[in-house]
2 protein chains.
Amino acid sequence: MSPKCCPAPPPIDPAADPDETLARLAKALAHPARVKILRFLLEREDCMAGGIVQELPLAQSTVSQHLKVLREAGLIYGEVDGTRICYCADRERIEQLGALLTGLTTLSYA
Amino acid sequence: MSPKCCPAPPPIDPAADPDETLARLAKALAHPARVKILRFLLEREDCMAGGIVQELPLAQSTVSQHLKVLREAGLIYGEVDGTRICYCADRERIEQLGALLTGLTTLSYA
DNA sequence: ATCGTATATCGATGAAATACGATAATGATG
DNA sequence: CATCATTATCGTATTTCATCGATATACGAT
């Protein structure tokens, strides 16, 4: 499931406030470029990421910034090996976002 | 299903770019106060909203601003009747966000 | 050791978000 | 009609975001 080139993703903190967590994850997705980056990473199972810059009409430094935001939110993880990066989308984290959303909508029916 | 005090929610535009839409909706949720507001509205099926200000440690004008953001993103809808507001959470829109998320993660398995 | 490539970080800048108080608008109430 | 209660809007200060170019860093190849 999880590709070889990346270390294990950090665990999800169950004690965190759901509203804060939801807002935090949503914020990381709150930019089209970051959604596209995430989609790009999700599309290739081997999580090779060299070439993200070419996919977007943005400067390299800007893309790097967006990657940082995604990384800090835990939506992607990985490592940089000198000249090569190996980022992976953390599906579990994305599913956590989905679960938080579902938890929101099913509240009143519980 | 949809409460009486609110008009019909605006329809969802199917032609919009999914990444833009996802980012737009996520952005509206990218603040804890707005998540709390949404949760508050989802909790009461009758969508009465008088009292949101009391739920949050924020000035009334700030809450109004957050409501505006949610409204413009289509996550809530409703009308103001002078001294009384009647906002409803748009469950369909929230589910659209969930669907866009799912569409993202299931991409490579399609 | 030098060059080339790929990524991250820094610094600056303009745009947008967040917050508040003050004010306006609108209905309800006396 | 005057007043109260509730919400929206305006003006403004502060912070955060987005973007870029320039520079730093790390590795591979020559």
Side-chain angles (χ1 to χ4, degrees), chain A residues 3 5-7 19-20 22-38 40-41 44 46-89, chain B residues 5-7 17 19-20 22-38 40-41 44 46-89:
Chain A
C5 67
C6 292
D19 288 352
E20 300 277 347
L22 177 44
R24 189 176 131 85
L25 291 174
K27 189 170 189 174
L29 272 184
H31 195 289
R34 290 198 287 271
V35 176
K36 286 188 203 312
I37 289 172
L38 201 58
F40 184 79
L41 288 178
R44 38 223 86 209
D46 61 343
C47 86
M48 252 305 293
I52 292 182
V53 176
Q54 282 70 32
E55 297 289 315
L56 297 167
L58 294 171
Q60 178 265 326
S61 56
T62 304
V63 173
S64 190
Q65 272 297 118
H66 284 307
L67 285 167
K68 187 178 183 180
V69 172
L70 288 169
R71 195 172 357 112
E72 285 175 349
L75 286 167
I76 68 176
Y77 62 101
E79 44 186 27
V80 179
D81 208 27
T83 169
R84 223 144 258 252
I85 57 173
C86 179
Y87 279 133
C88 305
Chain B
C5 67
C6 293
D17 174 32
D19 288 351
E20 300 278 347
L22 177 44
R24 191 175 131 86
L25 291 174
K27 189 172 190 174
L29 272 184
H31 195 290
R34 290 198 287 272
V35 176
K36 287 188 203 311
I37 289 172
L38 202 58
F40 184 79
L41 289 178
R44 39 223 87 210
D46 62 343
C47 86
M48 253 305 292
I52 293 181
V53 175
Q54 282 70 32
E55 297 288 315
L56 296 168
L58 294 170
Q60 178 266 326
S61 57
T62 305
V63 174
S64 189
Q65 271 297 118
H66 283 307
L67 285 168
K68 186 178 184 180
V69 172
L70 288 169
R71 193 168 3 107
E72 285 176 350
L75 285 168
I76 68 177
Y77 62 101
E79 45 187 26
V80 181
D81 209 26
T83 170
R84 222 145 258 252
I85 56 174
C86 178
Y87 279 133
C88 305

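Labels below follow one simple rule: chain letters A, B, ... track the order of the sequence lines, proteins then strands, and each chain is numbered from 1. Since this is a predicted model, take the numbers as computed values, not measurements.
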Gamma sulfurs of A:Cys6 and A:Cys86 within less than 2.5 Å: no

Separation of atom CD in B:Glu79 from atom P in C:dT26, rounded to whole Å: 15 Å

A:Leu58 atom CG is separated from C:dA8 atom C1', nearest whole Å, by 16 Å

Using both distances under 3.5 Å as the test, list the Watson-Crick or G-U wobble partner of D:dT30, or none. C:dA1

Using a cut-off of less than 4.0 Å, is there contact between a side-chain N or O of A:His66 and OP1 or OP2 of D:dT19? yes

A:Leu56 CG - D:dT19 P separation (whole Å): 10 Å

A:Ile37 CD1 to C:dA8 C1', straight-line distance once rounded to whole Å: 14 Å

Nearest to the side chain of A:Ile85, heavy atoms from C-beta on, is which of C:dT7, C:dT18, C:dT9? C:dT7

Nearest whole angstrom, please: distance from the P of C:dT18 to the CD of B:Glu72. 12 Å

Would you say D:dT6 has OP1 or OP2 under 4.0 Å from some side-chain N or O of B:Tyr87? no

Which atoms form the tightest heavy-atom contact between A:Leu70 and A:Ala28, and what is the distance? CD2-O, 3.8 Å

Of the candidates D:dG21, D:dA18, C:dA22, the side chain of B:Ser61 sits closest to C:dA22

Rounding to 0.5 Å, atoms CZ (A:Arg24) and NZ (A:Lys27) come to a distance of 10.0 Å

Calculate the interatomic distance between A:Arg71 atom CZ and C:dT9 atom C1'; express it in whole Å. 11 Å

If you assign each of B:Lys27 and A:Thr62 to its closest nucleotide in DNA chain C, which residue comes earlier from the 5' end? A:Thr62

What heavy-atom pair brings A:Val35 and B:Leu22 nearest, and what distance separates the two atoms? CG1-CD2, 3.8 Å

Choosing from D:dT9, D:dA8, D:dT19, which nucleotide comes nearest the side chain of B:Gln60? D:dA8

On DNA chain C, check which nucleotide each of A:Gln54 and B:Ala33 is closest to and give me the residue with the more 5' one. A:Gln54

B:Leu67 has an atom CG; how far is it from atom P of D:dA8, in whole Å? 6 Å

Base, sugar-phosphate alone, or nothing: which one does B:Gln65 contact when heavy atoms must sit under 4.0 Å apart? nothing

Of all the choices, C:dG21, D:dT9, C:dT7, which nucleotide is nearest to the side chain of B:Ala59 once you look at every atom? C:dG21

Between D:dC20, C:dT7, C:dT9, which nucleotide has the shortest distance from any of its atoms to the side chain of A:Val80? C:dT7

As an exercise, state the distance from NE2 of A:His31 to CD of B:Glu20, rounded to the nearest 0.5 Å. 9.0 Å

At under 4.0 Å, does any side-chain N or O of B:Arg34 touch on OP1 or OP2 of C:dT18? yes

Between C1' on D:dC17 and CG on A:Leu70, what's the gap in Å once rounded to a whole number? 14 Å

